[in-house]
S.K.: 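Mind looking over this structure? Questions follow.
Each chain gets a letter, A, B and so on, in the order the sequences are listed, and its residues count up from 1.
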Amino acid sequence: MQENLVLYNSLSRKKEKFTAINPPFVGMYVCGPTVYGDAHLGHARPAITFDLLFRYFQHIGYKVRYVRNITDVGHLENDEDHGEDKIGKKAKLEQVEPMEIVQFYSDRYHREMDKLNVLRPSIEPRASGHIIEQIELTQKILDAGYAYISNGSVYFDVEKYNEKYNYGKLSGRVLEDLYSNTRELDGQSEKRNSFDFALWKNASPEHIMRWPSPWGQGFPGWHAECSAMGHKYLGEKFDIHGGGMDLLFPHHECEIAQNTVAIGENSINYWIHNNMITINGQKMGKSLGNFITLEELFTGSNKVLEKAYSPMTIRFFILQAQYRSTLDFSNEALQAAEKGLIRLLKGVENLNNLKANKQNNFDAQKFRQDCYNAMNDDLNSPILISYLFDGLKTINSIVAGNENIDENNLNILKEVYDTFLFEILGLKLENENSGNNKILENVVNIVLNLRVKAKENKDWASSDFIRDELAKIGIIVKDKKDGFEWEIQ
RNA sequence: GGUACCUUGGCCGAGUGGCUAGGCACCGGUCUGCAAAACCGGCUACGGCGGUUCGACUCCGCCAGGUACCUCCA
């Protein structure tokens, strides 16, 4: 087992050596989607980031329990006092049961994540399935004296909490600043302070999603689910809590407050946050309306897209940036990723056909160690990928006969690509010519075989005619030494 | 307004107090009937102004520009 993994902890704002609480087990909780719309490029980033971590942990010998929730209740729009439930609103709009919305978008989320080769988590709990746990959490906080009841709702008393603990220790916020910077209360609020947050909300008569509780008919506050479910499945203390940087405040800050009171201080060791994907330098997000769904990316059906991009192109694009950096979307960047990935995968094909030599001038052990070092340094996937490209040059030189590799080093080299490219980065070969186009495939092959005959007869007019006419309808022919390849543009 | 962060070559994106990441594009070459593809090579950048230092893209200060969070967002 590699013991040198270093991860950036948002709590300390430093890179820290990772030490599991109870090795070889690792408990990891990641905030999943609120399922009221299609997954977009932004959703792919945490999914892939924590998939990378999940895969790497397993590779270096840990047994990981990976919990990623599905939020299906309690996530309100706008203001906590007056906002509408996101799922409930969509259900009304579509005139279906809220759970139909949840099922529909959960299924679609899974489908897109599968395409991205994101492994399913070990447990995927839903907020609506853990109402009792959230009521218990709320009751504990009430019993401890850090919450108050107001009109059938229960609010966390941040001011009181901050007297003993430090509200803001994760996000670096100071409560006094929040006083001056939050909007003035209009006098109608149920909350004592605007920064107090709901643990349980009283349901108005028109609110569809509602459950009985000691405080009346209602529903849980947004932050309650992660505290309740995380600790239910991972224990009182666990190793990692992850999510997007935009959840740092208030969501994760509130979770820490809840956990501290209801479960204990420092119940989670490492807080890990991925950065945002930007478009034209601006965050891609639901509220800005500048998001591109994954389905649109895969099919090219969005006017900002010059073409369709395959799931592996998207995955590679995301992995080419370190997860804590913003990543700027553009057609140019995506096409660069696409071409690079194809070249890398072709290199692996060459590698698998390599023949070992007696002589050797490649140090595969060092190469392997470099790759581990990159991953151990806070999952530096772009550096890892740069090494894999460096290795490609070596592979091609060996193919060309300019360098030599012996059997031992060749075996290690193959193992490194297998491990890092496929197992850890989670990339895979994609089959082009999607689906039921067997007939087209056969027809093109017949035509191109005719072209081979024409070339043998030095009938350049015919061979160029075939190539050019195919190009006109979007089929690109690539000659090879021993035959041809083609692809649909 | 408060808090934090960022500014790297045409584009994306790593990184370090001295040892030119990588990809894409571009240019040149090999190969090819030609072209494409593939392969090889070239392309030495770190917002501005000061300071610390033998030496700064890397540390410090100021300025400029940008972003995020402070309300829902991955």
Side-chain angles (χ1 to χ4, degrees), chain A residues 13 30-34 36-37 39-50 75-80 83-84 86 168 171-174 176-183 194-195 222 242-251 253 273-278 281-289 291 316-317 320-322 324-344 346-347 350 374 377 380-390 392-393 396-397 399-400 402 455 458-460 463-464 467-468 471 476-481 484-487:
Chain A
R13 292 165 200 237
V30 174
C31 287
T34 303
Y36 68 108
H40 61 77
L41 187 55
H43 291 97
R45 192 142 197 218
I48 289 171
T49 297
F50 292 102
H75 205 163
L76 304 187
E77 293 194 315
N78 305 316
D79 187 80
E80 284 236 7
E84 211 174 340
K86 291 180 181 217
S171 59
R173 241 150 272 255
V174 181
E176 283 163 30
D177 294 338
L178 292 174
Y179 278 112
S180 49
N181 289 315
T182 44
R183 278 178 302 229
S194 58
F195 42 69
W222 175 36
M245 256 181 203
D246 50 350
L247 298 178
L248 223 137
F249 190 90
H251 186 50
E253 195 70 63
H273 293 94
N274 63 276
N275 213 321
M276 302 292 105
I277 288 179
T278 57
Q282 216 181 20
K283 177 181 164 181
M284 185 180 284
K286 278 243 161 77
S287 52
L288 289 161
F291 62 91
F316 189 65
F317 170 67
Q320 267 193 308
Q322 209 268 351
R324 283 191 296 116
S325 302
T326 55
L327 170 59
D328 200 46
F329 162 89
S330 68
N331 280 285
E332 209 179 352
L334 238 30
Q335 281 162 32
E338 181 178 53
K339 287 192 180 170
L341 177 61
I342 288 169
R343 202 157 75 82
L344 204 48
K346 283 202 173 143
N350 288 335
D377 183 15
N380 201 329
S381 52
I383 289 289
L384 170 61
I385 289 168
S386 81
Y387 290 148
L388 295 177
F389 273 112
D390 284 342
L392 203 61
K393 282 199 178 136
N396 289 329
S397 296
V399 171
N402 296 330
K455 284 173 72 175
K458 298 198 189 304
D459 177 5
W460 311 128
S463 89
D464 289 355
R467 183 176 68 198
D468 297 344
I476 308 300
V477 180
K478 298 172 185 176
D479 287 346
K480 298 185 75 179
K481 279 194 197 97
F484 55 79
E485 265 180 11
W486 59 274
E487 65 184 24

S.K.: So, using salt bridge (Lys or Arg N to Asp or Glu O under 4.0 Å) as the criterion, who are the partners of A:Glu338 when residues are at least two apart?
M.R.: A:Lys307

S.K.: Among residues at least two apart in sequence or on other chains, which ones pass side-chain hydrogen bond (donor to acceptor under 3.5 Å, both in side chains) with A:Asp459?
M.R.: A:Ser462

S.K.: Which part of the nucleic acid, if any, lies within reach of A:His40 when heavy atoms closer than 4.0 Å are counted: base, sugar-phosphate only, or nothing?
M.R.: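 Touches a base.
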
S.K.: When all nucleic acid strands are considered with a 4.0 Å heavy-atom cut-off, which category describes A:Gln335: base, sugar-phosphate, or nothing?
M.R.: nothing

S.K.: So, using side chain to side chain contact (heavy atoms under 4.5 Å, CB included) as the criterion, who are the partners of A:Ser325 when residues are at least two apart?
M.R.: A:Gln322

S.K.: Can you tell me how far the CG atom of A:Asn402 sits from the CG atom of A:Asn396, to the nearest 0.5 Å?
M.R.: 10.5 Å

S.K.: Mind checking what makes side chain to side chain contact (heavy atoms under 4.5 Å, CB included) contact with A:Ala374, not counting sequence neighbours?
M.R.: A:Ile383, A:Leu384, A:Tyr387

S.K.: Which residues pass the side chain to side chain contact (heavy atoms under 4.5 Å, CB included) test with A:Lys346, not counting sequence neighbours?
M.R.: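 Here the qualifying residues are A:Ile342, A:Glu485.
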
S.K.: Not counting sequence neighbours, which residues clear side chain to side chain contact (heavy atoms under 4.5 Å, CB included) with A:Asn275? List them please.
M.R.: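 Per chain and number, A:Asn275 pairs via side chain to side chain contact (heavy atoms under 4.5 Å, CB included) with A:Arg45, A:Met245, A:Thr326.
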
S.K.: For the CZ atom of A:Phe249 and the CZ atom of A:Arg173, what is their distance to the nearest 0.5 Å?
M.R.: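 Output value for this atom pair is 5.0 Å.
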
S.K.: How would RNA chain B look in dot-bracket form, 5' to 3', counting Watson-Crick and G-U wobble pairs with both distances under 3.5 Å and writing | for bases paired to another strand?
M.R.: (((((((..(((.....[...))).(((((.......)))))....(((((..]....))))))))))))....

S.K.: Among all residues two or more places apart in sequence or in another chain, which pass the salt bridge (Lys or Arg N to Asp or Glu O under 4.0 Å) test with A:Asp464?
M.R.: A:Arg467

S.K.: Which atoms of nucleotides 4-13 of chain B (N or O only) lie under 3.5 Å from a protein N or O atom, and what are those distances?
M.R.:
residue	atom	partner	partner atom	Å
B:rC11	O2'	A:Glu332	OE1	3.4
B:rG13	OP1	A:Thr326	O	3.4
B:rG13	OP1	A:Asp328	N	2.8
B:rG13	O2'	A:Gln320	O	3.4

S.K.: To the nearest 0.5 Å, what is the distance between CZ on A:Phe389 and CG on A:Leu344?
M.R.: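 So the gap between those two atoms works out to 4.5 Å.
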
S.K.: Closest nucleotide of RNA chain B for A:Arg324 versus for A:Ala400: which of these residues is on the 5' side?
M.R.: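 Closest to the 5' end, via its nearest nucleotide, is A:Arg324.
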
S.K.: Report which part of the nucleic acid A:Met284 touches: base, sugar-phosphate, or nothing (heavy-atom distance under 4.0 Å, all strands).
M.R.: base

S.K.: How does protein reach along nucleotides 32-37 of chain B, written 5' to 3' as B (base within reach of a heavy atom under 4.0 Å), S (only sugar-phosphate), or - (no contact)?
M.R.: -BBBBS

S.K.: Give me, pair by pair, the N or O atoms of the protein and of nucleotides 16-19 of chain B that are less than 3.5 Å apart, along with how far apart they are.
M.R.:
none

S.K.: State which residues pass side-chain hydrogen bond (donor to acceptor under 3.5 Å, both in side chains) with A:Ser381; sequence neighbours excluded, sorted by chain then number.
M.R.: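 In terms of side-chain hydrogen bond (donor to acceptor under 3.5 Å, both in side chains), with neighbours along the sequence ignored, A:Ser381 is linked to no residue.
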
S.K.: Identify whether any heavy atom of A:Asn402 sits under 4.0 Å from a base atom; if not, whether one sits that close to sugar-phosphate; answer base, sugar-phosphate or nothing.
M.R.: nothing

S.K.: Looking at every strand, decide which applies to A:Gly42 at a 4.0 Å heavy-atom threshold: base, sugar-phosphate, or nothing.
M.R.: base

